[in-house]
There are 2 protein chains.
Amino acid sequence: MTLWSRIADTLRREIAEGARPEGSKLPTEGALAARFGVNRHTVRRALAALAEDGLVRSRRGAGTFVAAATTEYPLGRRVRFRQSMQAAGRVPGKRFLSQETRSATVEEARALDLQPGAPVHVADGISMADGQPVALFRSTFPAERLPGLAEALASEGSVTRALAMCGVDDYTRASTRLIAVAATAEEAVHLHLGVGAPLILSEAINVDAEGRPVEHGLTRFAGERIALTLDHA
Amino acid sequence: MTLWSRIADTLRREIAEGARPEGSKLPTEGALAARFGVNRHTVRRALAALAEDGLVRSRRGAGTFVAAATTEYPLGRRVRFRQSMQAAGRVPGKRFLSQETRSATVEEARALDLQPGAPVHVADGISMADGQPVALFRSTFPAERLPGLAEALASEGSVTRALAMCGVDDYTRASTRLIAVAATAEEAVHLHLGVGAPLILSEAINVDAEGRPVEHGLTRFAGERIALTLDHA
DNA sequence: CCTCATTTGTGCGTATGTATC
DNA sequence: AGATACATACGCACAAATGAG
């Protein structure tokens with residue numbers, strides 16, 4: 001219909017067809033204006049529409065870039081990052097930022113059903129999809145119940161496999177709480193987002209087959225790169 | 001910071017404080033430009049930001065109007081329209097459009113775990129908040145397991161109470177699937193929306209305490225009047 | 001470290017189209 | 001039919017952030 005919507009559709013198709021891969025830089029607004037024979041404002045209107053759909057992201061002084069497609073992440077009683085990413089056709093990745101064993105805070109003790117001050121093992125890290133960071137996590141485990149977990153986490157790089165090595169063959173999610181928060185400066189750096197970008201903060205408790213808590217997970221998802229889906233089956 | 005964001009914030013607060021009630025018409029773009037001493041384009045940028053947040057809606061030739069506040073509707077294992085609306089400070093309402101008992105389609109039979117062709121009771125209706133339509137629903141029940149449901153629905157006007165009269169004291173949601181659709185002409189009429197308005201189509205299965213399906217719900221929410229929230233605690 | 005060209009973001013002025021009342 | 005009001009589009013100018021050198 002309108003000029004700007006035709007331009008937006010043209011760019012949309014170029015992105016969908018793969019001619020403009022994820023992360024690639026679009027031509028400058030001026031160049032696009034010349035290509036389509038319109039004013040720069042008209043191009044900007046088209047780019048605003050694409051940005052609203054989450055297809056592109058612009059950075060002042062740098063340019064406009066094709067955003068990564070959002071990955072579907074189902075939330076349910078069985079939540080496995082690795083499997084979910086593979087099901088979504090992405091290559092999962094994980095990097096640990098730090099690990100430590102210390103006394104539990106009041107909140108951690110309550111979440112894990114421990115005595116206050118009991119030892120817990122805490123791991124911080126980044127979850128990635130196709131090499132791009134999509135979430136920051138902090139996992140807290142009851143240290144006394146899971147001896148050798150620190151080494152297992154480091155060697156396996158997988159929560160599921162590390163827990164299996166500590167005798168926890170299976171675990172399920174008991175609860176999930178979701179709130180929206182703005183990215184802090186540190187979070188923004190790790191997730192390659194701007195400060196204040198919307199994050200989904202997920203607080204989860206995973207329990208073993210007997211219902212005893214084995215992990216307290218605090219995950220901050222990059223809201224625009226991950227779509228959470230609910231399936232309480 | 002910017003001119004347009006300051007103008008947007010000013011208008012946002014006027015709306016939040018109730019100085020500009022729902023449905024009221026904002027001053028014309030020209031009038032706002034004069035009031036803030038800026039160009040009309042700057043006012044348009046501010047109004048675009050408000051429209052993106054869903055706070056206002058503009059109609060060419062008519063003006064810009066304050067949109068009705070969205071109602072929060074939590075989705076989880078226990079989903080009760082009446083209670084959720086009351087919790088959100090709204091007066092819930094329900095109107096049945098039609099009811100019939102017939103043979104189940106293939107999809108309905110699979111959803112309710114019935115033999116194809118088994119009798120089902122189907123109720124169509126409108127859900128309202130503060131007298132305004134917010135959703136169209138179609139509930140399908142296994143007729144053989146719930147004798148007398150039709151009369152119960154008609155007399156009680158509540159799914160929860162009607163099921164209770166049929167011996168289902170409690171039910172929980174087993175699964176929810178959400179997709180976005182455009183409103184058909186008929187849906188638009190019932191929901192007081194334009195044709196093509198975005199709807200959220202929710203397909204849900206509710207089960208009794210033993211896990212047997214008791215209701216298959218197909219609900220079309222007016223996307224701009226209801227915000228679905230997920231909290232499966 | 002600083003400079004500087006590049007690129008997006010903001011803002012104003014103007015004109016025309018088009019739906020609404 | 002006419003006035004009003006929003007939608008689109010062009011042109012110009014400057015600010016602010018980026019990134020290369």
Side-chain angles (χ1 to χ4, degrees), chain A residues 1-12 14-15 20 23-67 183 185 188-189 191-197 224, chain B residues 1-12 14-15 20 23-67 188 192-197 224:
Chain A
M1 300 295 152
T2 61
L3 258 180
W4 67 262
S5 66
R6 295 179 65 87
I7 293 171
D9 284 342
T10 300
L11 295 174
R12 209 185 300 270
E14 291 179 3
I15 294 172
R20 303 192 177 281
S24 67
K25 184 180 179 301
L26 290 185
T28 68
E29 294 174 348
L32 288 173
R35 167 184 165 191
F36 292 109
V38 300
N39 189 273
R40 189 164 76 98
H41 278 306
T42 309
V43 167
R44 283 180 60 73
R45 182 68 185 82
L47 291 178
L50 294 182
E52 200 167 344
D53 289 352
L55 273 90
V56 302
R57 235 176 88 79
S58 355
R59 277 162 43 213
R60 177 190 289 191
T64 303
F65 302 82
V66 178
V189 169
L191 292 174
H192 297 181
L193 294 173
V195 175
E224 298 179 351
Chain B
M1 286 303 146
T2 62
L3 258 179
W4 67 261
S5 66
R6 296 179 64 87
I7 293 171
D9 284 341
T10 301
L11 295 173
R12 211 185 300 271
E14 291 178 5
I15 292 172
R20 304 192 176 280
S24 67
K25 183 181 180 301
L26 291 184
T28 68
E29 293 175 348
L32 287 173
R35 168 185 164 191
F36 293 107
V38 300
N39 188 274
R40 208 185 115 222
H41 278 307
T42 309
V43 168
R44 282 180 61 73
R45 183 67 186 84
L47 291 178
L50 295 182
E52 201 167 342
D53 290 350
L55 271 86
V56 302
R57 235 175 87 80
S58 346
R59 276 162 40 215
R60 176 188 289 189
T64 303
F65 301 83
V66 178
H192 297 181
L193 294 171
V195 174
E224 298 179 351

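Keep in mind that the numbers below use all heavy atoms, side chains included, and drop hydrogens, waters and symmetry copies. The structure displayed is predicted, hence computed values, not measured ones. We name chains A, B, ... by the order of the sequence lines, and we start the count at 1 in each one.
C/dT18 atom C1' lies 15 Å from atom CZ of B/Arg59, rounded to whole Å. Here C/dG9 presents its P atom at 7 Å from CZ of A/Arg60, a figure rounded to the nearest Å.
Between A/Ala46 and A/Ala8, the closest heavy-atom pair is CB-N, 3.8 Å. Between A/Trp4 and A/Ala49, the shortest heavy-atom distance links the atoms CZ3-CB, 3.8 Å. Contact between B/Thr28 and B/Lys25 at its shortest, heavy atoms only, is CG2-NZ, 3.9 Å.
The line from CD1 of A/Ile7 to OG1 of A/Thr2 is 8.5 Å long, rounded to the nearest 0.5 Å. Taken to the nearest 0.5 Å, the CZ atom of A/Arg20 stands 6.5 Å off from the CG atom of A/Leu11.
Within the 4.0 angstrom heavy-atom criterion, base atoms lie near B/Arg44.
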### Task
Would you please test B/Leu50 and B/Thr64 for side-chain contact (heavy atoms from CB on, under 4.5 Å) and show each step?
CA-CA 11 Å; B/Leu50 295 182; B/Thr64 303; over 6 Å; no
#### Entry: Verdict with supporting geometry, B/Asp9 and B/Arg12, salt bridge (Lys or Arg N to Asp or Glu O under 4.0 Å)
CA-CA 5 Å; B/Asp9 284 341; B/Arg12 211 185 300 271; 3.5 Å; yes
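Protein chain A touches strand DNA chain D; the 5'-most and 3'-most nucleotides with an atom under 4.0 angstrom of its non-hydrogen atoms are D/dT8 to D/dG19.
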For residues 30-42 of chain B, run the donor-acceptor check on the side chains, cut-off 3.5 Å, and write out each pair with its distance to 0.1 Å, sequence neighbours left out.
from: B/Arg35; atom 1: NH1; to: B/Glu14; atom 2: OE2; distance (Å): 3.4
from: B/Arg35; atom 1: NH2; to: B/Glu14; atom 2: OE2; distance (Å): 2.5
from: B/Asn39; atom 1: OD1; to: B/His41; atom 2: N; distance (Å): 2.8
from: B/Arg40; atom 1: NE; to: B/Glu29; atom 2: OE1; distance (Å): 2.8
from: B/Arg40; atom 1: NH2; to: B/Glu29; atom 2: OE1; distance (Å): 3.0

Could you go over nucleotides 11-14 of chain C and give all protein N or O partners under 3.5 Å, atom names and distances?
from: C/dG11; atom 1: OP1; to: B/Leu3; atom 2: N; distance (Å): 2.5
from: C/dG11; atom 1: OP2; to: B/Trp4; atom 2: N; distance (Å): 3.3
from: C/dG11; atom 1: O6; to: A/His41; atom 2: NE2; distance (Å): 2.8
from: C/dC12; atom 1: OP2; to: B/Asn39; atom 2: N; distance (Å): 3.0
from: C/dC12; atom 1: OP2; to: B/Thr42; atom 2: OG1; distance (Å): 2.0
from: C/dG13; atom 1: OP2; to: B/Asn39; atom 2: ND2; distance (Å): 3.3
from: C/dG13; atom 1: O6; to: B/His41; atom 2: NE2; distance (Å): 3.0
from: C/dT14; atom 1: O4; to: B/His41; atom 2: NE2; distance (Å): 3.0

